[in-house]
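Take this structure, written in structure tokens, and hold onto it; I'll ask about it next.
Remember, it's 1-based here, ligands and their atoms both numbered in the order they're listed.
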Amino acid sequence: MKNKPKFYITTPLYYPSGKWHLGHSYTTVCCDAIARYKRLTGYDVFYLTGTDEHGQKIEERAAAAGKTPKQFVDELVDNIKDLWKLLDIKYDKFIRTTDDYHVSSVQKIFTRLYEQGDIYKATYKGKYCTPCESFWTPSQLVDGKCPDCGRDVIDAEEESYFFRLSKYKEPLRKLLTETDFLEPRSRVNEMVNNFLEDLSDIAVSRTSVKWGIPVPFDPKHTIYVWIDALSNYITALGYNNGEENMKYWPADIHMVGKEIVRFHTIIWPAILMALGLEVPKKVYGHGWMLFGGDKMSKSKGNVADPFVLAERYGIDALRYFLLREIPFGSDGTYTDEAFLNRINADLVNDLGNLVKRTVSMANQYFGGKVDRPKDISGDHADMANALFGKVDKAINKFSCSEALEAIFEFVSASNKYIDSTAPWVLNKNGEKDKLQVVIYNLLEGIRIIAGCLLPFIPDGAQRIFRDLGLSAPDRLDGIKFGDTKRFEVGEGEVLYKRLDVKKELEELSKPSEEEHKEAKKEEEKVAEKEIKEISIDEFFQTQLKVAEVVACEKVEKADKLLKLTLKVGDETRTVVSGIAKSYTPEEMVGKQVVLVANLRPAKLRGIVSEGMVLCAVDGDKVVLVSPERKVDAGSEVC
Ligand code: MSP
């Protein structure tokens, strides 16, 4: 490892609060591709990922599941580790914020900041949401209400420790505006205008949250989750604890989703400055994987299951889609159809065919053995030689999609090269020398393609090397067209099987076994109709709102279901409702209905339903419950 330049890359620490989805896989796969690329170009890489396990939400979820917080997170951590194994993620360390070494290091960080005056105790005054147990600043409120649950807030006070964030305003401004610390640069203005201008000290302890790291000298307080979580990037290297890997600090890149750029580019560098440590070289705020126009997220229920996709279509398919589909700096969209079409178009048609055709021709025309011809210059060689440079440039900008675009442009060009040189005609005409040049060029080009693909789809790339009769290289830099003296190719296996999109779409829209079980449980609950007394507080946990039907259509192949598009205040919601036997889509439009607005979204016939409309039961029909006269859509029902 000596003399190698070092490269330290991190993902955010994920909250183990529910099912893992494709969004989490995106950042991790992206960092894995970059880490692999750096290893293949001579860097001593440290790739860190892990889980952020403290906080009130996790405490609540665990209680709801009837488990202790530790039991609850342990299961989800096992699960995410299985996912990373399935996706062939080669991280160097997995950190959990419940690990002892992390806990003690965070406590030392907190104590040190307190002792040097960067943390002080004061009374926190603010707007408090009792059910959410959260303080909010006036600017965080939405229409004067809690931004999380939409309920009323009260004025309240709490004793808290504060971090002197305001002291770091000017160094932070310099960092953000005069360096390349934050990328894409388009996010800099947002940080400066929205957060830096009004920078005030932040509360960094809570007395209301029990599931957290205690403040060592005042244990009725727990340390704010973000201080706990952000510190992982140094505690994982042994900070305050032997420093065994602190040589990797500062991080070369923290890769994060755009929603947490603020924590990484304002709070985190300020803490590091206070600790007298260097700030990371770069924070990259990537876009989101959207699902039906929304951020894929556990709380919205609109998630695609990476386990299902990877198991059914293979890891190459999933890795390729994720890396290709979120363009540099912006959002990408997941639909089953886009996923399947992408695999068919790029992996099956372009790449798979190129390899298959070329290896078959090498076997057919040269018995599988193809020697390097005397003259290897030409356009094809130039394009192949330029490819590594393009990939290098893209990866150094952290744009996996651009790197793959460049690789697949050359894949397409290679397929066109087959068509334009028509090796079958050269063979027929007995032009053996020319034929050898063409087949060698193709094989050598494929070798370079496979090399460049190693970081992104390691499995497929290795299989291509096997087809070429070569082993995959340890280093990519210096890869040069013409270095192979002789190919002795294999049989030419089918790299990727063509997917029947229609059939696969049907398969993917079928409820999984798990969904099936859940639906059954729900049905049983309804059937039991166990009437139990509830308190007024329990009743008010149900948020009822008036909604207006702005569009309505039948759900295909489901005679009981209608898909309603509802206007609820400024929001538009989709709700699937079992009222098709009582109402036609036409008569629904314009009606006002009562919506259960805080129901967890559920997928019905492939449509994410975001709530439920209330009806009275009338024999085998239903009658909608509506306000007695028209009111504003979005009005509360209480
Ligand atoms: N625990 C904090 C981060 C602490 S970092 C010190 C957190 N966790 S999270 O589980 O909500 O994960 C957030 C990260 O997961 C995002 O920043 C992003 O990297 C990834 N993604 C989650 N959903 C995503 C999409 N729909 N699309 C792309 N990435 C997303 O925030």
Side-chain donor/acceptor of H102 to backbone N/O of T98, under 3.5 Å |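 Checking the backbone N and O of T98 against the side chain of H102, no donor-acceptor pair under 3.5 Å is found.
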Give me the ring orientation class for H24 and W20: parallel if the planes are under 30° apart, tilted from 30 to 60°, perpendicular past 60°.
->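 Taking W20 first and then H24, their aromatic rings stand perpendicular (interplane angle over 60°).
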Can a donor-acceptor pair be found between the side chains of D52 and Y14 at a distance below 3.5 Å?
->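 Judged by distance alone, the side chains do not pair up.
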For W288, the ligand 1 atoms whose distance to one of its heavy atoms is below 4.0 Å =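 Going through ligand 1 atom by atom, the ones under 4.0 Å from W288 are 27 (N), 28 (C).
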Enumerated ligand 1 atoms positioned under 4.0 Å from heavy atoms of G257 =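 Result: 16 (C), 17 (O), 18 (C), 19 (O).
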Which of the atoms in ligand 1, numbered in the order shown and given with their element, are less than 4.0 Å from a heavy-atom of A229?
->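 Those of ligand 1 that fall under 4.0 Å from A229 are 6 (C).
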NZ/NE/NH1/NH2 to OD/OE distance under 4.0 Å, R573 and E571 =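 Looking at E571 together with R573, the answer is yes, because their closest N to O distance falls below 4.0 Å.
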If you measure every N/O of M289 against every N/O of ligand 1, is any gap under 3.5 Å?
->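 Yes; the residue has a nitrogen or oxygen that sits under 3.5 Å from a nitrogen or oxygen of the ligand.
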Ring geometry between F398 and Y284 (parallel below 30°, tilted from 30 to 60°, perpendicular above 60°) =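 Judged by the thresholds at 30° and 60°, the geometry between Y284 and F398 is tilted.
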Going by the atom numbers of ligand 1, which of them fall below 4.0 Å from some non-hydrogen atom of D52?
->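 This gives 1 (N), 2 (C), 4 (C) as the contact atoms.
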In terms of atom number and element, which parts of ligand 1 are under 4.0 angstrom from non-hydrogen atoms of I260?
->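 Listed by number with element: 3 (C), 17 (O), 31 (O).
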Would you say ligand 1 has an N or O under 3.5 Å from any N or O of T27?
->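 By distance alone, the answer is yes.
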